[in-house]
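The structure appears below as structure tokens.
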Amino acid sequence: MPAEAAPVAPVAALSAPRGISTTPPTASPAPASAPSVSAPAPSSTRASALARLAVTVLPALLALALGLWGIRREDSLWRDEAVTWQVGQRSVAEIWDMLGQVDVVHGLYYVLMHGVFEVFGTGPAVLRMPSVLAVVAAAAATAAAGRRLAGPWAGLAAGLVLALIPNVQHYAQEGRAYALVTAGVAVATWLLVSAADASENGAAVVPRHRRTRWAGYVLVMLTTALLNWFSLFVLPAHAVTVLVARRRGARPLLAPWSVSAAVVLAGALPLIQASRAQSDQVSWIKPVAVSTLLGIGVLLLVALACARVPYPGRGRAPLSPASVGLPLLAVPQAGLLLASVLVEPVYLDRYVLYTNLGFALLLGVGVAAAVQALPVRTGVLLAGVTATAFVTLLPVETGLREPKSRADDVLRAADRVAAAARTGDGVLFIPAARRDTALVTPSAFTGLDDLALAESPAASGTIKGVEGSAEHIRTAMLTKSRIVVVTDTRRAAPPAPVRETEKLRVLGRHFERTGRTDTVGRRIEVYEKVR
């Protein structure tokens, strides 16, 4: 089969019904002994290039539009993003110092965001823009992989599907690394598919180009692993894909992939070892709920159904949408679920957000086959299907762009503190992690005395700072006649650390609550000393 260098499909071919040739009748072919090769017409070449470009550009534009729509989320910021916000504004030396104690798994992302803040300043839009651009790249890479695997319409549909998936839209507007990890996996998968084409057409591909593909795979996968090493579950998925390709005759693929995977694992091993010492950070994760398992099961059933849909075949091509998409969807999910059962609960959908790439590839094939089978221009029908999906999902999409779509809103809580507090008041955070309200908006806490804080987050190399002993907190509280408390609307009872229990005990014995304001996930309480 021809390599990618051959035109994938001219514009006319994209619009023609399946089975109808768009090539005009020609004279009898030249004798075999005297072949003649004529250069393609310039207009045909340009049309083919535009068609290939459209396959990746259209999904990218849709992902960009959806990412920019409501990106500020009504100027809200939830607790995880607040960590990125305040850590990213520290110096690189301060970030490095913190990683020795906490959040080493996100170290590269924090350094990246430090650079973004240095260049573009801070703000909700700046915080989330890297994630928006990452999903744009993921949609384009997914479309490119789908085009190689099943043709231009399947590739275009796959990219559009990925951009429309609500979970992907959610993390496209989140100031965390999960969208970037998804983009890395998408690009790595596209490189793997490209390498499989090269192995099928080895004689037609310059060895230097083959080496460039594998070097790119190593670089992208290693960077992705350093952003979050749970992305390494992609390697077993790619291993399944490579083994399937080997059975279909792509023997040169196994050895270079194995070497590449070994290099990626070796490069990520120091991060894995360092993060094991900080495993208590995920101790809050609960066992997998039955509803989560049912959701995964539904996705797999839909993907399996799409994997059986006929598509414009490529004969004995080494890879197919099923051999790439099914492992990418199922293997990381199964790996993380297994780890949650055998080791400790670690399953969160955002840790395997990138598995949506496999689902999009397969659903894209199903959508493309359906629209091509109908007696309507394929492009028009696909545009209609995309618009219908967008309108159908509109209530969900609108909800994702509201502050209440997240667990809490740090910025709104800070506004409530500024409205309720008086100069000279004390302030308490229950639990201590709710200090993020002050760290993100220190101006709202001007004139207030943080009664529990003994050492600031930056100085202590921590995220929330170091609080004093229970006795220190009690003494400081009793010196105040008025205390503002920042807590959750659903407060854990009782808080585990002794100092948290002491905060509540002193408030209950020596103070009475005179005010309470609830906002998204946060509660601001005012206590006055009983005389």
SB check [X] [Y] (cutoff 4.0 Å):
{"X": "Arg412", "Y": "Asp518", "answer": "no"}
{"X": "Glu174", "Y": "Arg176", "answer": "no"}
{"X": "Glu502", "Y": "Arg505", "answer": "yes"}
{"X": "Arg401", "Y": "Glu74", "answer": "no"}
{"X": "Arg73", "Y": "Glu81", "answer": "yes"}

Distance from [X] atom [atom1] to [Y] atom [atom2], nearest 0.5 Å?
{"X": "Phe359", "Y": "Leu329", "atom1": "CZ", "atom2": "CG", "result": "7.5 Å"}
{"X": "Tyr178", "Y": "Ser131", "atom1": "OH", "atom2": "OG", "result": "10.5 Å"}
{"X": "Leu448", "Y": "Thr423", "atom1": "CG", "atom2": "OG1", "result": "7.0 Å"}
{"X": "Phe390", "Y": "Leu66", "atom1": "CZ", "atom2": "CG", "result": "6.5 Å"}
{"X": "Trp96", "Y": "Arg90", "atom1": "CH2", "atom2": "CZ", "result": "15.5 Å"}
{"X": "Lys464", "Y": "Leu453", "atom1": "NZ", "atom2": "CG", "result": "12.0 Å"}

**OP:** Please lay out, stage by stage, how Arg513 and Glu528 fare under the test salt bridge (charged side-chain N to carboxylate O under 4.0 Å, His left out).
**Re:** CA-CA 6 Å; Arg513 190 173 67 189; Glu528 296 191 17; over 6 Å; no
**OP:** List the steps and the verdict of side-chain contact (heavy atoms from CB on, under 4.5 Å) for Asp450 and Phe429.
**Re:** CA-CA 9 Å; Asp450 190 335; Phe429 302 95; 3.5 Å; yes
Pair [X], [Y]: side-chain N/O donor-acceptor within cut-off below 3.5 Å:
{"X": "Arg148", "Y": "Ser194", "result": "yes"}
{"X": "Glu397", "Y": "Trp69", "result": "no"}
{"X": "Thr437", "Y": "Arg522", "result": "yes"}
{"X": "Thr122", "Y": "Trp85", "result": "no"}
{"X": "Gln281", "Y": "Asp103", "result": "yes"}
{"X": "His170", "Y": "Ser405", "result": "no"}
{"X": "Gln333", "Y": "Thr355", "result": "yes"}

Original post:
Parallel, tilted or perpendicular: which describes the rings of Tyr217 and Trp214, with under 30° parallel and over 60° perpendicular?
Top reply: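 The rings of Tyr217 and Trp214 stand perpendicular, inter-plane angle above 60°.
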**OP:** Evaluate the side-chain contact (heavy atoms from CB on, under 4.5 Å) criterion for residues Asp409 and Trp78: first the C-alpha distance (whole Å), next the side-chain angles of each, then the deciding distance (0.1 Å), finally the verdict.
**Re:** CA-CA 5 Å; Asp409 184 354; Trp78 82 291; over 6 Å; no
**OP:** Applying salt bridge (charged side-chain N to carboxylate O under 4.0 Å, His left out), run through Glu500 and Lys503 and close with a yes or a no.
**Re:** CA-CA 5 Å; Glu500 304 288 10; Lys503 293 174 187 177; 3.1 Å; yes
Kindly say whether [Y] contributes a backbone atom to a donor-acceptor pair with the side chain of [X] at under 3.5 angstrom?
{"X": "Gln169", "Y": "Leu164", "result": "yes"}
{"X": "Gln278", "Y": "Val104", "result": "yes"}
{"X": "Ser340", "Y": "Val346", "result": "yes"}
{"X": "Arg128", "Y": "Arg72", "result": "yes"}
{"X": "Asp408", "Y": "Arg79", "result": "yes"}
{"X": "His114", "Y": "Gln89", "result": "no"}

**OP:** In sequence, state the C-alpha distance, the side-chain angles, and the governing distance for Glu455 and Thr462, and then conclude on side-chain contact (heavy atoms from CB on, under 4.5 Å).
**Re:** CA-CA 9 Å; Glu455 193 173 7; Thr462 62; over 6 Å; no
Subject >> Test log, rule salt bridge (charged side-chain N to carboxylate O under 4.0 Å, His left out), inputs Asp425 and Lys480 >> reply: CA-CA 7 Å; Asp425 285 352; Lys480 295 295 181 179; over 6 Å; no
Original post:
Should Tyr171 and Gln173 be marked as a side-chain hydrogen bond (donor to acceptor under 3.5 Å, both in side chains) after you check the CA-CA gap, both sets of side-chain angles, and the distance that decides it?
Top reply: CA-CA 5 Å; Tyr171 290 103; Gln173 294 189 337; over 6 Å; no
Original post:
Asp488 and Arg434: salt bridge (charged side-chain N to carboxylate O under 4.0 Å, His left out), yes or no, with the steps?
Top reply: CA-CA 8 Å; Asp488 297 323; Arg434 299 304 162 259; 2.6 Å; yes
**OP:** Carefully, step by step, assess Ser443 and Thr441 under the rule side-chain hydrogen bond (donor to acceptor under 3.5 Å, both in side chains).
**Re:** CA-CA 5 Å; Ser443 59; Thr441 315; 6.0 Å; no
Subject >> Qualifying residue, where the test is side-chain contact (heavy atoms from CB on, under 4.5 Å) with Ile430 and the options are Thr487, Thr501, Val486 >> reply: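 It is Thr487; the other options fail the test.
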**OP:** Check the pair Thr241, Val193 against side-chain contact (heavy atoms from CB on, under 4.5 Å), reporting the backbone distance first and the verdict last.
**Re:** CA-CA 9 Å; Thr241 298; Val193 172; over 6 Å; no
